[in-house]
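Comments concern the structure below.
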Amino acid sequence: MLSDCLLNNFRITSQIGSGAYGLVFHVVDILTSREYAIKTVFKSSSMDEFYNKNGLNNNSQVARATLLQTQLYHFFKSFQKKLFLPSVDLDSILQLTENELNRLPHYREIAFQLKVQSHGNIVKIHQVLESSIATFIVMDYYDRDLFTSIVDHKHFTNDGVLIKKVFLQLCSALDHCHRLGIYHCDIKPENVLLDRNDNAYLCDFGLSTKSKYLAPNVCVGSSYYMAPERILYCLNTTTNGIHVDECCSSLPTDTGDIWSLGIILINLTCIRNPWLKAHQKEDNTFHHFANDSNVLKKILPISDELFTVLVKILQLNPYTRIDIKTLVSEVSSITSFTREGPLSKVPAFSSEAYMAHIIRNENLYLDGLSHFAVGKEQQQEQEEEQEEAEPESDIPSTYNSDGSMEKYEYTNNNNNNTFLSSSMDSTPYQSDIDDMGASKDCKFQQDTLRNRLLCLQMNFSTLTDGPNEKWLPDY
Ligand SMILES: Nc1ncnc2c1ncn2[C@@H]1O[C@H](COP(=O)(O)OP(=O)(O)OP(=O)(O)O)[C@@H](O)[C@H]1O
């Protein structure tokens, strides 16, 4: 419905996702032909107005997505399908105070992602465009998510090295977020994207928080992946293993993310979830696991080695859960994921292989090196054995012949200091270039468009002050 609509220099080609408050589109930059994803986050005030005006209730997810599409379509249509919107200076979003973020909750997601996106395994935001009904977040585009890749493409069933690579990259990204005081709180395969070389990128910071501690039973996240203390936190030491003296009004947030990593490790190795939710009263399987962790070995085809690691992750007591650094080290050195089949034998990562896969987080890499130095000879032997056993054609095509990965080019997008603190009217307006698609080869018009976009960069204060106040939702 929205295909062929133009948003600045981005042509919308298709819708690729939808969530509670927004829609995600695949777009192509008509100036560079590069692909991007644009996440459209609707302002709740404009949503409420729309629902009220049309006498609708906004409970169903499908109904919401359809209504969001309709609302956006009408918005584009009123500007002849060509919107020209100002971009918000990214640095100014990073400077927003807690008060300002409370007034603009959808900017919290953007601010947190901007804060951590220097890490190579986190989806990068390039621009934020503002309009009266929604904020448009321009991000790098990846055509697969981890869920589709695991479940539909069965991409990991035969490749233990790939499992390690993706999982360790994810650990690295999360460790980076935690070091910067950002806790994701919605780690799940749908929120991990993959590029053509099977590198992982964490996205959707919509539920992330800066709170180092959360109250027990704060139900945040997605049910399969949520830690037990977020669902049902009870004081009974005999059923949940948490010592009474450790029960308090708040529990660490980071260990909740680590629990979710454990479920993802099960997804990657077994293509299934262990339980529907970590609720002892409502989920029988989880209830049995809480009483005896050996249940995991009965319901999943996991090796003893993987079982040992999983038990350290899926500790009911958030204080005794494994930390990310140890987790990285243990998963790196694992030699079997399953009891039988292609994942029953996987190579332990040498320090070189580890470096090639996890180079994106220097802290994690440098601190983890000592672990690999010890067992290096043994690992070399294992690798040689592996080489002998496997024909060269079994090496995934995403690796170079020496086993290393293609270098990821990270370009820093800190060119926003060119913004003008413009006091212009920020109402979206139609582009005065008649057909931007047809003007692709015309350098003059391209330059005009570029200049136009540059001039339209604005400081956040221009959105929150004066005449632009009308863009702010009514909280
Ligand atoms: N940068 C991207 N590249 C490609 N696809 C993306 C990108 N960002 C998001 N998507 C797709 O859109 C879906 C929804 O995105 P996202 O999770 O950010 O939105 P959301 O509104 O927070 O959704 P939810 O409410 O389900 O968490 C993702 O699961 C993914 O499939």
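In listed order, ligands and their atoms are each counted from 1. Starting from 1, each residue takes its place in the sequence as its number.
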Cation-pi geometry met for Lys164 and Phe349 (6.0 Å, 45°) = yes
CZ (Phe147) with more than 12 external heavy atoms under 6.0 Å | no
Looking only at side chains, do [X] and [Y] share a donor and an acceptor under 3.5 Å apart?
X      : Y      : value
Asn199 : Asn121 : no
Thr135 : Glu130 : yes
Tyr201 : Asn191 : no
His184 : Ser208 : no

Which option out of Val123, Val24, Val192 puts a heavy atom nearest to atom 9 (C) of ligand 1?
-> Val24
Considering only heavy atoms of [X], which atoms of ligand 1 have at least one such atom less than 4.0 Å away?
X      : value
Asn191 : 17 (O)
Asp140 : 1 (N), 2 (C), 3 (N)
Tyr142 : 3 (N), 4 (C), 5 (N)
Asp145 : 31 (O)
Ile16  : 4 (C), 5 (N)

Is there a polar contact between ligand 1 and [X], counting only N or O atoms under 3.5 Å apart?
X      : result
Glu109 : no
Tyr141 : no
Glu190 : yes

Looking at Asp152, Asp195, Asp198, which one forms a side-chain hydrogen bond (donor to acceptor under 3.5 Å, both in side chains) with Arg144?
-> Asp198
Answer with side chain, backbone, both or neither: which part of Lys39 has a heavy atom less than 4.0 angstrom from an atom of ligand 1?
-> side chain
